[in-house]
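Only one structure is covered here, and it is reproduced in the block below.
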Amino acid sequence: MEQTVFLKLRHRIQVYPNATVFIRDIAQMVTVDDALMCRLKDIPLYTVQKRDRNIVIIDVMHVMKAIVRHFPNVDVQTVGPSQTIVEVVYEKKRLSFLYFALVWLLLFVGSALAVMNFHEDVSMQQVQQRLYRIITGEKEAKPLWFQIPYSLGLGIGMILFFNHFFRKRINEEPSPLEVEMFQYQQSLDQYVIMHENKEAMRRIEDD
Amino acid sequence: MISHFLTIFVGFSGGLAVGAGFVAFLTVLGVIPRITQLTKTMKLIAAYEWGVILGAICGGWVSLRDPLLFLTPYVLIPLGLFSGVFVGMLAAALTEVLNVFPILAKRMGVSDQIVVLLMAVVFGKVVGSLFHWLYFVDH
């Protein structure tokens, strides 16, 4: 009798180098027969090799092929994404504190200089002097009553925009930065799905 | 007479272009949607639009007419703070559009430390600005 198995691939999994990927690693399955399910789960799909480097794409057709080979009369219904991104996690290099501090300083000094150049570029000093004169009626070369709150506001505005008060968040919603990170990751995933998957594209020369 | 009409026409079209450009700039950076999202006041977005428009008109009027108001200088404190927050949000929105942080954090492998990197930029802006006004302008 033919049995129906519902199969949904995970979007992204992480494995160690030289690991063998089994169906249980990359897919969720639903079927009535528990014994069959256990045997299905232990079907090996792929062994990670050195030349794969960081990313391997396992296509749903590859999973189907493996299932059909072992269990010819199982009816597989797939749901969800049609490939899984397998990320090979090598020993993580600890980022040295010095390196991080250097990048931090780079950003710090860079943005300080950028904001100074911006002020000069838009002649902000002159605008502030005029504003001071308009409001108080007096001349003032350094309108610090305006400039110091302005400088602090600059930082507050950036933090507000990114919704972070250091570690504490102002509300539950993801900040634009987190959304941006997510979208960037999605674009990268989309790219590797197309480019690392041999089944995704077919050119004229390779037949 | 003709030259008057011509001046009016040129002035009006120039204002139209600058106003449209200003609104387009704000829209691209998405600062106002961000504020409504933070304060949960999406319904009031029309009022915020009017705030921007009236602000631009007042700014234009004041900078062209040079009135003198004879108020205390303490009025400048909230004005300075507000304009600082506004410029800060613009700057933050600009770095976000340019995708600086995601790429940097990804390349360096410090996705969990991204807030610390962000703080580098925030402190850099505040310190740079204070340095500029307190020291740099005198030299």
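Chain identifiers are assigned alphabetically (A, B, ...) following the order of the sequence lines, protein sequences preceding nucleic acid strands; residue numbering begins at 1 within each chain.
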Go through the atoms of [X] and report whether side chain, backbone, both or neither lie under 4.5 Å from a heavy atom of chain A.
X: B/F86; value: neither
X: B/V75; value: side chain
X: B/Y74; value: side chain
X: B/I35; value: neither

Please flag which part of [X] lies under 4.5 Å from any non-hydrogen atom of chain B: side chain, backbone, both or neither.
X: A/Q185; result: side chain
X: A/I134; result: both
X: A/E120; result: both
X: A/L188; result: side chain
X: A/R133; result: both

Subject >> Within residues 105-143 of chain A or reaching into it, pairs that qualify as ring pair (Phe, Tyr, Trp, His ring centres under 6.0 Å) - sequence neighbours excluded >> reply: A/W104-A/F108, A/H119-A/Y150, A/H119-B/H132, A/H119-B/W133
Original post:
Going by an N to O cut-off under 4.0 Å, is there a salt bridge joining B/D138 and A/K142?
Top reply: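 Salt bridge between B/D138 and A/K142, a charged N being under 4.0 Å from a carboxylate O: yes.
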Subject >> Gap between atom OG1 of B/T95 and atom CE of A/M158 - 0.5 Å precision >> reply: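 The distance works out to 4.5 Å.
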**OP:** Among B/L79, B/I103, B/T72, single out the residue with the greatest number of heavy-atom pairs under 4.5 Å to chain A.
**Re:** B/I103
